[in-house]
There are 2 protein chains.
Amino acid sequence: MTTKRRNNSQDVADLANVSQASVSRAFTLGASISAKTKEKILAAAAKLDYQPNIIARSLSKNQSGLIGILFANWDHPKAAEILKGLCEAITEKGFKPVVQSASTIESVDKAFIDFLSYQVDGVIVFSTSPSANTSALCLRSNIPIVILNHSTPGINASIVTIDSIKVGRQIGDALLKGRYKRIAIISSDAHSQVVSGISNAIAETVSHAAGTEIISKITGIHGYEAGIQTITDLWAEDIKPDAIVCTSDYTALGILAGCRHQLNISVPEELCVIGLGDIPASGWKDHDLSTVKIPHDELVKTTVTTLISKIETKSMEPENIRLEAKLLLRGTIRSS
Amino acid sequence: MTTKRRNNSQDVADLANVSQASVSRAFTLGASISAKTKEKILAAAAKLDYQPNIIARSLSKNQSGLIGILFANWDHPKAAEILKGLCEAITEKGFKPVVQSASTIESVDKAFIDFLSYQVDGVIVFSTSPSANTSALCLRSNIPIVILNHSTPGINASIVTIDSIKVGRQIGDALLKGRYKRIAIISSDAHSQVVSGISNAIAETVSHAAGTEIISKITGIHGYEAGIQTITDLWAEDIKPDAIVCTSDYTALGILAGCRHQLNISVPEELCVIGLGDIPASGWKDHDLSTVKIPHDELVKTTVTTLISKIETKSMEPENIRLEAKLLLRGTIRSS
DNA sequence: CAGCAATATGTATGCGCTTGCAATGCTACT
DNA sequence: AGTAGCATTGCAAGCGCATACATATTGCTG
């Protein structure tokens, strides 16, 4: 089978009796070309299955139209939704997303090198960040970076995330209002700035009320089963918490299941449980978990528009954007 | 700010006192070049932040190294896992995934045109399929297609999916063994070949036993809330089912919640519930849903290897690959 | 050390497109 | 009719790299 060459603009030009340059213009929005020739060219192109070769266009225009997405946190409950939002927003703006999975620091940096090779016009990073070295390399190469959901100081990149301080204060206030005294904070990721922001803001808020304190902070707990285990462990202690804030809904649901089905702990009387993320199951009647609704859609859209505006203005100035999240008070916390 | 041009192979060549061709060879695996010059060139390249421009390489090699992923079913419970698997497998093979979201038929076809423009070397389609026209266009352009999780006859594309007939038979057998008589089948997508394959195989299997029948097939039901609604409606009928097979775990969990918390239906005595997909929540103690475990990981890997082998052998022969899924019998079905 | 094969390097061309510039065609106005 | 002014088209160079081919260098054998 002789792999036949795909038709190019010259082939179309020959068929339409025009110059190759005119074919190029026919496919360039706003180029100087008469309606008549354009029509003639498009007809010829259709006849030949011709589509402009974007690779060649990229080379001559010196911009690929590619945006690299570096996706670290696939376990995020809304991972699919977020990625979908990113891809669609990027496509809508006339770019194409190239997705790369990354977990370790080295693989993140390696992915950036790959992105550079592919001449991406910009990079979006989800829940991780490049090393200072790599970030500097991108700066030298004029590739703007926007980091979603992971604030990282000292890196030349823009950041879009939630206002974790504000969320922490809201949670703190709600706990005070519910007269909870002994608070435990359970998180999966010890290094997440979002988590530590929330955690610190809760601590700071409740510190204003006498007799209320954070009795423990546990990190590295992640998932439903781990939640059940955690509440079992906590309940074996002498001093038990009367409120648990969990930076993952899955873990919180595990804790809830442990309370209700195994340990017979009454929620929200004996124990308050608060999650983070508002996954669908949290709203289900048999769970009814209080949690924090994160404006993922807005975060995603903001991320993409921020990046693309940087690409278009060739600006490398880092921005720091924080959107508001909303605390949803449901059945797992008492309101007074 | 004068946007400085990125260094190219000529710049490196100048610094290293060699020809541009040698620089190219230094970055081409297995090219004819001495260790000494290669080292010299790599040093110079490092000094200049040089990375080969893959766009230019693509143009001259006439292959982009890009694989298009057309992702339709973002609501799939394992969407993130699947996409992650695809991206990682693709990257590992030395290609890069370009992700495109698509829902309507037109957007699917449009996405294909885009992929052609970007000179992708192959396309993976998740849970949808191109029109016959577009598929023919890809055939003419020598772009192999592999469709994951959606068998579509009459299209020039390879298919990787589960053996739905076999799954249906297993479910049918399990129902017979549990002495269930009046079976309802609830599915979201009326047009899915996987769903209809399962559905038909169940019907065929139970038809061998006297007194057992499919009393209703309902389509277009999707999600937890819809599940609750559905069981409520079904229970208001004169003839109630004693087994419900649901092609989505979420819906099945909704049905289960309706049974246990609202209608006081005893599962699995009065009603058997079977889901599909084995989402994490199905295995949770408070649900314990019988369901079908789909080998997503294997499906994904097979999809990618199939596609890449087609790319490398330039074969356009469609293949039809069906992997086995496993029925997990848990607490929502009686075993005899 | 001659002589030849194998290896290494350079030269030059082309991948398919965009775009600056020059040439042409057209309109409208004097 | 003549020509300024603009829209349209063609021409040709170049984007950064791979590679066929020519040339230079090395290593090896007898």
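Any value given below was found using the heavy atoms of this structure, including those in side chains, with hydrogens, waters and symmetry copies removed. Lettering follows sequence order; numbering is per chain, from 1. Remember, predicted model here, so these are calculated numbers, not experimental data.
As a whole-Å value, the separation of Ile55(A) CD1 from dC17(C) P is 11 Å. In this entry the distance linking CD of Gln10(B) with C1' of dT13(C) reads 15 Å, nearest Å. When the P atom of dG16(C) is taken as reference, atom CG of Asn8(A) falls 5 Å away, rounded to whole Å. Atom pair Ile33(A):CD1 and dT18(C):C1' shows a separation of 14 Å (rounding to whole Å applied). As a whole-Å value, the separation of Asn17(B) CG from dT9(C) P is 13 Å. Atom P of nucleotide dG16(C) and atom CG of Leu116(B) are separated by 15 Å, given to the nearest angstrom. The distance between atom NZ of Lys38(B) and atom P of dT7(C), rounded to the nearest whole Å, is 16 Å. Put simply, CD1 on Ile54(B) is 16 Å from C1' on dC15(C), counting in whole angstrom units.
Both Lys61(B) and Ser24(A) lie near DNA chain C, and the one whose nearest nucleotide falls closer to the 5' end is Lys61(B). Looking at which nucleotide of DNA chain D each of Ala35(A) and Ala56(A) is closest to, the 5′-most match is held by Ala35(A). Between Leu59(A) and Ser32(A), the residue anchored closer to the 5' end of DNA chain D is Ser32(A), taking for each the nucleotide with the nearest heavy atom.
Within the nucleic acid shown, Val23(B) has no heavy atom closer than 4.0 Å to any nucleic acid atom. Using a 4.0 Å heavy-atom criterion, one finds that Phe27(A) contacts no nucleic acid atom at all. Contact annotation for Ser58(A): no contact, since no heavy-atom pair falls under 4.0 Å across all strands. At the heavy-atom level, Asn53(A) lies under 4.0 Å from the strands shown only through sugar-phosphate atoms.
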N/O to N/O distances under 3.5 Å, protein versus nucleotides 20-27 of chain C:
from	atom 1	to	atom 2	distance (Å)
dG20(C)	O6	Arg25(A)	NH2	3.0

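Taking the 5' to 3' direction, DNA chain D first and last meets chain B under 4.0 angstrom from a heavy atom at dG16(D) to dA20(D).
Contact check, Tyr118(B) against dG16(C): no side-chain N or O comes under 4.0 Å of OP1 or OP2. Listed pair Ser60(A) / dT18(C) fails the phosphate criterion, with no side-chain N or O lying under 4.0 Å from OP1 or OP2. Residue Ser22(B) has a polar side-chain atom (N or O) positioned under 4.0 Å from OP1 or OP2 of dG10(C).
Between Ile143(B) and Asp121(B) the shortest side-chain heavy-atom distance does not fall below 4.5 Å. You'll find the side chain of Phe115(B) stays beyond 4.5 Å of the side chain of Leu66(B), heavy atoms only. Side-chain atoms of Pro130(B) and Ile147(B), non-hydrogen and from C-beta on, do get closer than 4.5 Å to each other.
Taking the side chain of Ser34(B) as heavy atoms from C-beta on, and the options dT9(C), dC15(C), dT18(C), the nearest nucleotide is dT9(C).
A side-chain donor-acceptor contact under 3.5 Å links Asn7(B) to the backbone of Leu48(B). Using modelled atom types, one side-chain atom of Ser64(B) and one backbone atom of Gln119(B) make a donor-acceptor pair closer than 3.5 Å.
Applying the 6.0 Å contact sphere to CD1 of Ile113(A) captures more than 12 heavy atoms from other residues, nucleotides or ligands. Within 6.0 Å of NZ on Lys93(B) lie no more than 12 heavy atoms contributed by other residues, nucleotides or ligands. In Gln10(A), the CD atom is crowded: over 12 heavy atoms of neighbouring residues, nucleotides or ligands sit closer than 6.0 Å.
Checked for salt-bridge contact, Lys310(B) and Glu317(B) miss the test: no charged N lies under 4.0 Å from a carboxylate O. With salt bridges taken as basic N to acidic carboxylate O contacts below 4.0 Å, one links Arg5(B) and Asp11(B).
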